[in-house]
Amino acid sequence: MTASTTASRMPAPRQTEKRLTGYIARLAVTDAVVVTGAVFGAHLLRFGFSNEPLVIGDSILDVNVEVGYLVTSLLFVSGWLFALQLFGTRDSKVVGSGSLEYRRISDATVRVFGVLAILSLVFQIEFARWYLLIALPSGLILLILSRWMWRTWLRTRRTQGRFLQHALVVGDRPKATHIASQIRSDPEAGIRIIGAVTTHGTHEDLVDGVPVLGDFDHVLDVLDDVDVDAVILSTADAITPERVRRFGWMLDQNRIDLIVAPPSPMSPGRGSTPDRSPACP
């Protein structure tokens with residue numbers, strides 16, 4: 001199969017609504033609402049509508065500074081939201097499936113608690129215990145609950161063909177066929193196989209609706225022409241080391257995810273989820 005033949009069989013570009021950008025924006029708004037509600041809810045339960053002072057003392061310099069808890073709450077919310085962003089809790093590679101999203105939310109929240117504890121010791125800040133004991137646990141629970149609810153919403157939309165990552169399967173035809181069939185049978189996985197690159201290439205579709213776009217000799221040409229979010233690599237036996245390096249560089253430059261499938265053939269009844277890994281040379 002030639003490069004010109006490949007170009008003539010390119011699938012239609014994916015629509016903007018199928019990207020995860022809109023979904024991630026929804027998560028960001030929900031996170032802000034949840035964290036703000038948890039922190040100021042704790043403030044209301046602990047202090048009511050009064051702006052109690054937070055005492056920051058330094059025994060060495062014999063200095064005491066008072067800051068209102070309203071200001072403290074605003075800083076608390078900002079720091080917590082920053083931690084959620086810093087820990088990649090809304091990374092497109094983790095949202096929508098698996099447990100990593102929840103673990104990152106938990107890690108970010110625990111680190112916020114740790115930072116507050118360190119600040120309390122270093123600067124002798126007298127945080128109200130019940131204020132923290134209400135805000136942090138309730139915020140964590142509500143964050144995880146809201147993500148679960150959004151994930152349920154996302155699964156429904158994915159069964160309707162929306163918010164899907166477009167992927168190209170690269171590998172020997174039997175393995176590529178198995179992987180494509182598995183993913184197509186599970187629309188909640190969030191991946192749509194738009195084409196394949198096999199050892200020798202063929203005009204025959206890999207499976208119904210999944211064209212073979214080229215062979216290993218033209219894999220880089222296919223990547224230049226096709227618009228994908230991820231590449232699923234089922235085998236690299238027929239790809240030279242030099243081509244593998246160029247392949248990795250191209251994926252990295254184009255910010256395309258690399259999903260590595262198990263190296264050995266899988267029986268139809270076992271089922272397996274490919275491992276995501278960063279594209280690297």
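Every residue two or more places apart in sequence or in another chain that forms a side-chain contact (heavy atoms from CB on, under 4.5 Å) with Leu132 is listed here: Phe76, Leu116, Phe127. With sequence neighbours excluded, the residues forming a side chain to side chain donor-acceptor pair (under 3.5 Å) with Thr109 are Trp80, listed by chain and number. For Ser99, the side-chain contact (heavy atoms from CB on, under 4.5 Å) test picks out Arg103, with sequence neighbours left out. Residues that satisfy the side-chain contact (heavy atoms from CB on, under 4.5 Å) test with Trp150, not counting sequence neighbours, are Tyr23, Arg26, Leu27, Thr30, Trp153. Asp107 is linked by a side-chain contact (heavy atoms from CB on, under 4.5 Å) to Phe87, counting only residues two or more places apart in sequence or in another chain.
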| query | Stepwise, does the side-chain contact (heavy atoms from CB on, under 4.5 Å) test hold for Val222 with Leu168? | reply | CA-CA 9 Å; Val222 172; Leu168 180 74; 4.0 Å; yes
| task | Would you check, one step at a time, whether the test side chain to side chain donor-acceptor pair (under 3.5 Å) holds for Gln85 with Arg90? | result | CA-CA 7 Å; Gln85 179 65 29; Arg90 294 186 292 271; 2.8 Å; yes
| field | Asp172 vs Phe216, side-chain contact (heavy atoms from CB on, under 4.5 Å): CA-CA, chis, key distance, verdict | value | CA-CA 9 Å; Asp172 295 332; Phe216 284 162; 4.3 Å; yes
| message | Let's go through Val231 and Leu251 carefully: what are the C-alpha distance in whole Å and the side-chain angles of both, what is the deciding distance for side-chain contact (heavy atoms from CB on, under 4.5 Å) to 0.1 Å, and is it a yes or a no? | response | CA-CA 8 Å; Val231 169; Leu251 294 182; 3.6 Å; yes
| Step by step, would you call Leu100 with Arg104 a side-chain contact (heavy atoms from CB on, under 4.5 Å)? | CA-CA 6 Å; Leu100 184 56; Arg104 288 188 178 183; 3.8 Å; yes
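In this structure the side chain of Ile179 reaches within 4.5 angstrom of the side chain of Ile232, judged on heavy atoms. Contact annotation: the side chain of Val212 never approaches that of Val197 to less than 4.5 Å [non-hydrogen atoms, C-beta and beyond].
A distance of 13.5 Å separates CZ of Arg151 from OG1 of Thr156, quoted to the nearest 0.5 Å. Going from atom CG of Leu154 over to atom CE of Met149 covers 14.0 Å, rounded to the nearest 0.5 Å. Note: Ser181 OG to Asp186 CG = 13.0 Å, rounded to the nearest 0.5 Å. Of the inter-residue distances, the one linking Gln182 atom CD with Ile191 atom CD1 reads 11.0 Å to the nearest 0.5 angstrom. For the atom pair Asp252 CG and Trp249 CH2, the distance stands at 11.0 Å (nearest 0.5 Å). Of the inter-residue distances, the one linking Leu206 atom CG with Arg184 atom CZ reads 9.0 Å to the nearest 0.5 angstrom.
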Distance-only check: which donor-acceptor pairs under 3.5 Å involve side-chain atoms of residues 134-147, not counting sequence neighbours?
unit_1	atom_1	unit_2	atom_2	d
Ser138	OG	Ile134	O	2.4
Ser138	OG	Ala135	O	3.2
Ser146	OG	Leu142	O	3.2
Ser146	OG	Leu143	O	2.8
Arg147	NE	Asp31	OD1	3.4
Arg147	NH1	Thr89	O	2.8
Arg147	NH1	Glu101	OE2	2.7
Arg147	NH2	Asp31	OD2	2.7
Arg147	NH2	Thr89	OG1	3.4

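Residue-environment remark: CZ (Arg111) stays at or below the threshold of 12 foreign heavy atoms within 6.0 Å.
One hydrophobic cluster, built from ILVMFWY side chains closer than 4.5 Å, holds both Trp148 and Leu84. Linking Ile, Leu, Val, Met, Phe, Trp and Tyr whenever their side-chain heavy atoms come within less than 4.5 Å leaves Val77 and Phe82 in two separate clusters. Under the 4.5 Å side-chain contact rule for hydrophobic residues, Val112 and Val110 do not share a cluster. No single ILVMFWY cluster, assembled from side-chain heavy atoms under 4.5 Å apart, contains both Leu86 and Val95.
Of all heavy-atom pairs between Val228 and Ala167, the closest is CG1-C, 4.3 Å. The two residues Val207 and Ala180 make their nearest non-hydrogen contact at CG2-CB, 4.3 Å. Nearest heavy atom pair, residue Lys93 against residue Asp257, reads CE-OD1, 2.9 Å. Pairing each heavy atom of Ala196 with each of Val210, the nearest pair is N-CG1, 4.5 Å.
Side chain of Asp215 to backbone of Thr198: no donor-acceptor contact under 3.5 angstrom is found.
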